[in-house]
Each structure stands twice: as C-alpha cells, then as structure tokens.
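Keep in mind the model is a prediction, meaning the values are calculated, not measured. Every chain is numbered from 1 and lettered A, B, ... according to where its sequence line falls, protein lines coming before strand lines. Atom set for the values below is all heavy atoms of this structure, side chains included, hydrogens, waters and symmetry mates excluded.
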2 protein chains.
Amino acid sequence: MFSTTCKYGIRAVLYLAIKSTNDSKIGVDELADTLCIPKHFLAKILQVLTKNKVVSSSKGRHGGFYLKKRNKQINLMKIIEVLDGTNRLTCCILGLETCDSTHACPYHNIVQQFRNDFYQKLENETIGEAAQRIDEHDFNLKNL
Amino acid sequence: MFSTTCKYGIRAVLYLAIKSTNDSKIGVDELADTLCIPKHFLAKILQVLTKNKVVSSSKGRHGGFYLKKRNKQINLMKIIEVLDGTNRLTCCILGLETCDSTHACPYHNIVQQFRNDFYQKLENETIGEAAQRIDEHDFNLKNL
DNA sequence: CAATATTAAGATAAAAAGGTCTTAAAATAC
DNA sequence: GTATTTTAAGACCTTTTTATCTTAATATTG
C-alpha cells in the first residue's frame, strides 16, 4: 500500500509531531535509532519532506528536525503525496488502467469503500491531530 | 497491496475460469495478448500456478492452460498465497513488526476492518464463483 | 516416425526500490 | 574566526522485482 520510504516518512513525521518542539529539535541519529530506520535512508526522506515544507530543519549546534505550528496543520495525505505520489493510492487493485464504477474490476467495489474511508481520514486529519490521537490512545510508532 | 506478479496471476486465472474449457485450452500468447500482460512473464507465472495445481496445462497441439472442475473449486486466496505469500497481506501498514490490537499503530484499526472483509471474500469465494460473478456483473479483467 | 505446437525450465537482463557513503554547506558556540 | 555539529546533496552500491530469451521436454497430428 505504502512504499517503505513512505512508511518510514509517516512514522518519522508523527514522532516529530509528538516529541519535537522549536527548542528541542531531533537529529537524524536519534530519530533513526528510536524508530529503527536506516539512518542515511531516513536522512534522505527527511530531506525530501523538508524541501516540501512538511517538516522544518535547522543545521548546526542544537539543530535537527522539528515541526512548526504550520507543519502540524498539514494533513497526513500530504506526506503520502510527497513520498509516493497519489497514483499508488488510487490505482486499480488488479492493475487495470481503467477501473471505475462503470468499468469495475471484480474487486473494485469492496476496495473502493475502504479507500473512501481511509483516504478521508488521511485528508481530514492534520499531523497535529494525529499526534494527539496517538498520545491519547497510546498508539505505536516504534518497533518493540 | 498485490505484487504485479499477483495481479497478473489473478487476472489470468479468472480469465481462464471464464473462457477456457477442457476442450478449448488457451495458450500463453492469446492470454498475454488479450490481457495485456508481458508474454514471457505471464508464462513464468502460469508455470508457478500450474506447479501448485491452481491451473492445469497440457503441451503440444491444441494444448494450453485451462481450469479443471477441481481448479475452479479452489478459493481466490490460494492464488495470492502461491504468488505473494501471506505476509504481504497481513503486515502492518506502517511496517511495524508488532502491530496488533494491543500494540496498534495509528491506522491499525481502520485497516484491519477492511482486511477482515476483503480477505474473507478471498477466502470464501472459489475461482468458479468469482468467474460467475464477473460474468453476471460484467466486471472487467482486460485493459480497455 | 517426423513435423509442429505448445508448455517447462532456467539463465540472463533491465528497472525499480532500498540502503550507504562521502563531501559540501550552514549554523552555532566558544 | 575557527572548530564543531548538524542537515543537504549527490554519487554509489545492493537487493528485489519485473521482464526477456533460449533451449528442452512433451504431446498431437498426419
């Protein structure tokens, strides 16, 4: 469903949303260690997210990655668009080029219903809201 | 969700279920052409499915691939197990090693509900039944 | 039995995804 | 201003996935 890149990206952003502040940024090393993500690979992903203004960063002493208020108002779908593009989410589950309600594959309907629900959640929930939800329900982002 | 291999495989099997009979087998060339699947790649996939007794084949003149009654009684999930394994279907959407109801990732619940529905369909519907459903509702298997 | 049509099998190649390393650039602290 | 810490950028490597090609084996037809 998501590429490995995207999975790593989502987890990293949500972790930053929960743990980082303007005054306490988080470096790649720490992020990679706590989330069990290959360090250099994560660095690459964070670069892309930074360039696309999904996360913020600053170099030098006490630098690192963090989320501004602005960043927290972005919705989750943005992360996926940036890292995977949207095609991956919308393409037919059997790989057909045209698969819609009038030319449906045998699984279009059951899949479409789920997608509507799931993508609506990703579209409607901001990174900040997701972070809060994770905190409240003690959802998991790290490998145990 | 499914690998390209698996997408091709499902489409090919369902097409065979609809169009082939014991007396009128379908060659790789025809299958690949009608379904727009790379010929040699499809041949490989059909080999695997044959070896796992999901489809039947015979060589020589008027040979080709086809489904016996037995094959039509196999459920759809079998195709996925053979071509993709089950891990791909059950693994956490964020890639976490442990993600269950007690250690859930932020999207576990919404995804799990869909999976239950979808996989139940794949488990419970035989290839033959799927073929009939496709015929009845005129569902699509080819690229238009 | 010979010719032909077809799958089976395995080697190989190409492309994409995942992951690593090195150097540059920038910011900060002293 | 220099040393240090950190991200930025890009080159490079590895693995997996997707795709192709060639030859062998097998069945059928005449």
Taken to the nearest 0.5 Å, the spacing of T50(B) OG1 from I45(B) CD1 works out to 11.5 Å
DNA chain D: R61(B) or G60(A), which has the more 5' nearest nucleotide?
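Taking each residue's closest nucleotide, the earlier one in sequence belongs to G60(A).
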Can you check the [X] [atom1] to [N] [atom2] distance for me, whole Å?
X      : N       : atom1 : atom2 : value
F65(B) : dA5(C)  : CZ    : P     : 17 Å
L83(A) : dA16(C) : CG    : C1'   : 16 Å
D33(B) : dT6(C)  : CG    : C1'   : 15 Å
F41(B) : dA8(C)  : CZ    : P     : 16 Å
K39(B) : dA9(C)  : NZ    : P     : 18 Å
L46(B) : dA8(C)  : CG    : P     : 8 Å
L31(A) : dT5(D)  : CG    : C1'   : 16 Å
D84(A) : dA16(C) : CG    : P     : 15 Å

Using the side-chain heavy atoms of K59(A), tell me which of these nucleotides is nearest: dT18(D), dG19(C), dA25(C).
dA25(C)
Under 4.0 Å between a side-chain N/O of [X] and OP1 or OP2 of [N], yes or no?
X      : N       : answer
H62(A) : dT6(D)  : no
S58(B) : dA27(D) : no
S57(A) : dA8(D)  : yes

Kindly state whether the ring of Y8(B) and the ring of F41(B) have centres lying under 6.0 angstrom apart.
yes
With heavy atoms under 4.0 Å as the rule, sort [X] into base, sugar-phosphate or nothing.
X      : result
L42(B) : nothing
Y8(A)  : sugar-phosphate
I45(B) : nothing

Could you check H40(A) against T5(A) and say which one's nearest nucleotide on DNA chain C is further toward the 5' end?
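Residue closer to the 5' terminus by nearest nucleotide: T5(A).
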Over-ring placement of R11(B) relative to Y107(A), 6.0 Å and 45° cut-offs
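No, a cation-pi geometry is absent between R11(B) and Y107(A).
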Tell me whether the NZ or CZ atom of K7(B) lies within the 45° cone about the ring axis of F2(B) and under 6.0 Å from its centre.
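Not satisfied by the 6.0 Å and 45° rule.
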Is I127(B) reachable from Y66(B) through a run of hydrophobic residues whose side-chain heavy atoms are each under 4.5 Å from the next?
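No; I127(B) is not reachable from Y66(B) via cluster members.
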Single-linkage hydrophobic cluster, 4.5 Å side-chain cutoff, L141(B) and I74(B) together:
yes
Taking every heavy atom of V54(B) against every heavy atom of L67(B), the minimum-distance pair comes out as O-CD2, 3.7 Å
On a plain distance test, is the side chain of K44(A) in donor-acceptor contact with the base of dG18(C) below 3.5 Å?
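Checked by distance alone, the answer is no.
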Would you say the side-chain atoms of E129(B) pair up with the backbone N or O of T126(B), donor to acceptor, closer than 3.5 Å?
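Confirmed, E129(B) side chain pairs with T126(B) backbone.
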Within residues 47-55 of chain B, residues whose heavy atoms come under 4.0 Å of DNA chain C
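The stretch gives Q47(B), T50(B), K51(B) as the residues lying under 4.0 Å from the strand, ordered by number.
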